[in-house]
Amino acid sequence: MTSLSHGLVPLLPRLRPFAWSLTRNWPDADDLVQTSCTRALSKADQWQGGTRLDAWMYRLMRNIWIDETRKRSIRIGQGQKDAAESGKLQTSSDSEKTADAGQVLQQVALL
């Protein structure tokens, strides 16, 4: 076991409440702690011995949470309009493009 893994075990009781403060949900907080510990162990070479492990872990955990929050917002489509809600495909006034767009919408509707 490395010094990093030895240092993580005593930190666990402090990491869990910090994770809850980010997620506001105990199951998500537990997942965040697990992900953070796994990431810390895989990136142990980036931690500088002699520095505060707790500060490094808090920063790592916060960054993981920010990344996860961004991924979730993209997955649920914030800022995007569902194609089914769109009545018209926006195109130029060219009649050939308009006809093609109508055909595309019909094919999508069939799916």
Side-chain angles (χ1 to χ4, degrees):
M1 270 184 130
T2 66
S3 62
L4 176 71
S5 59
H6 285 296
L8 278 177
V9 173
L11 278 180
L12 291 176
R14 291 178 24 212
L15 293 177
R16 191 168 184 250
F18 180 70
W20 183 86
S21 74
L22 295 171
T23 65
R24 300 292 182 193
N25 178 312
W26 283 115
D28 287 345
D30 290 338
D31 289 345
L32 181 57
V33 169
Q34 181 177 355
T35 301
S36 299
C37 290
T38 303
R39 177 99 36 102
L41 292 171
S42 70
K43 302 202 179 274
D45 59 320
Q46 294 180 7
W47 178 63
Q48 297 174 354
T51 60
R52 290 187 51 183
L53 178 58
D54 61 343
W56 187 67
M57 285 300 299
Y58 291 142
R59 186 175 69 246
L60 183 76
M61 187 177 291
R62 186 196 72 226
N63 290 341
I64 290 170
W65 179 246
I66 289 169
D67 290 345
E68 182 60 31
T69 303
R70 286 181 183 151
K71 287 177 193 174
R72 287 180 185 183
S73 69
I74 290 169
R75 274 188 232 129
I76 62 170
Q78 277 186 336
Q80 298 176 1
K81 189 173 183 180
D82 191 313
E85 295 174 6
S86 179
K88 247 190 226 183
L89 182 62
Q90 298 295 320
T91 62
S92 66
S93 61
D94 185 357
S95 62
E96 185 177 317
K97 287 183 182 179
T98 304
D100 289 343
Q103 291 173 350
V104 169
L105 286 173
Q106 287 175 349
Q107 292 300 315
V108 170
L110 291 174
L111 293 175

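Since we're looking at a predicted model, the values are computed, not measured.
- Grouping Ile, Leu, Val, Met, Phe, Trp and Tyr by side-chain contacts under 4.5 Å, direct or through others, puts Trp20 with Trp26.
- Linking Ile, Leu, Val, Met, Phe, Trp and Tyr whenever their side-chain heavy atoms come within less than 4.5 Å leaves Ile66 and Val33 in two separate clusters.
- The two residues Arg72 and Trp65 make their nearest non-hydrogen contact at NH1-CH2, 3.8 Å.
- Across every non-hydrogen atom of Ala29 and Ala19, the tightest pair is O-CB, 3.5 Å.
- In this structure, Leu11 and Arg14 have side chains that are in contact, with non-hydrogen atoms separated by less than 4.5 Å.
- We find the OG1-CD distance between Thr35 and Glu68 to be 8.0 Å, quoted to the nearest 0.5 Å.
- Atoms OG and CZ, on Ser36 and Arg59 in that order, are 12.5 Å from each other to the nearest 0.5 Å.
- Note: Thr51 OG1 to Leu53 CG = 7.5 Å, rounded to the nearest 0.5 Å.
- In terms of modelled atom types and a separation under 3.5 Å, the side chain of Ser21 and the main chain of Phe18 share a donor-acceptor contact.
- Between the CD1 atom of Ile64 and the CZ atom of Arg39 there is a distance of 4.0 Å, given to the nearest 0.5 Å.
- Contact annotation: the side chain of Trp56 approaches that of Leu4 to within less than 4.5 Å [non-hydrogen atoms, C-beta and beyond].
- Taking every heavy atom of both residues into account, Arg62 and Leu22 meet most closely at CA-CD1, 4.1 Å.
- One hydrophobic cluster, built from ILVMFWY side chains closer than 4.5 Å, holds both Leu41 and Tyr58.
- The two residues Pro13 and Val9 come nearest to each other via the heavy atoms CD-O, 3.9 Å.
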* **side-chain contact (heavy atoms from CB on, under 4.5 Å) assessment of Leu15 paired with Leu12** => CA-CA 5 Å; Leu15 293 177; Leu12 291 176; 4.2 Å; yes
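- Closest non-hydrogen pair, Cys37 versus Leu8, comes out as O-CD1, 4.3 Å.
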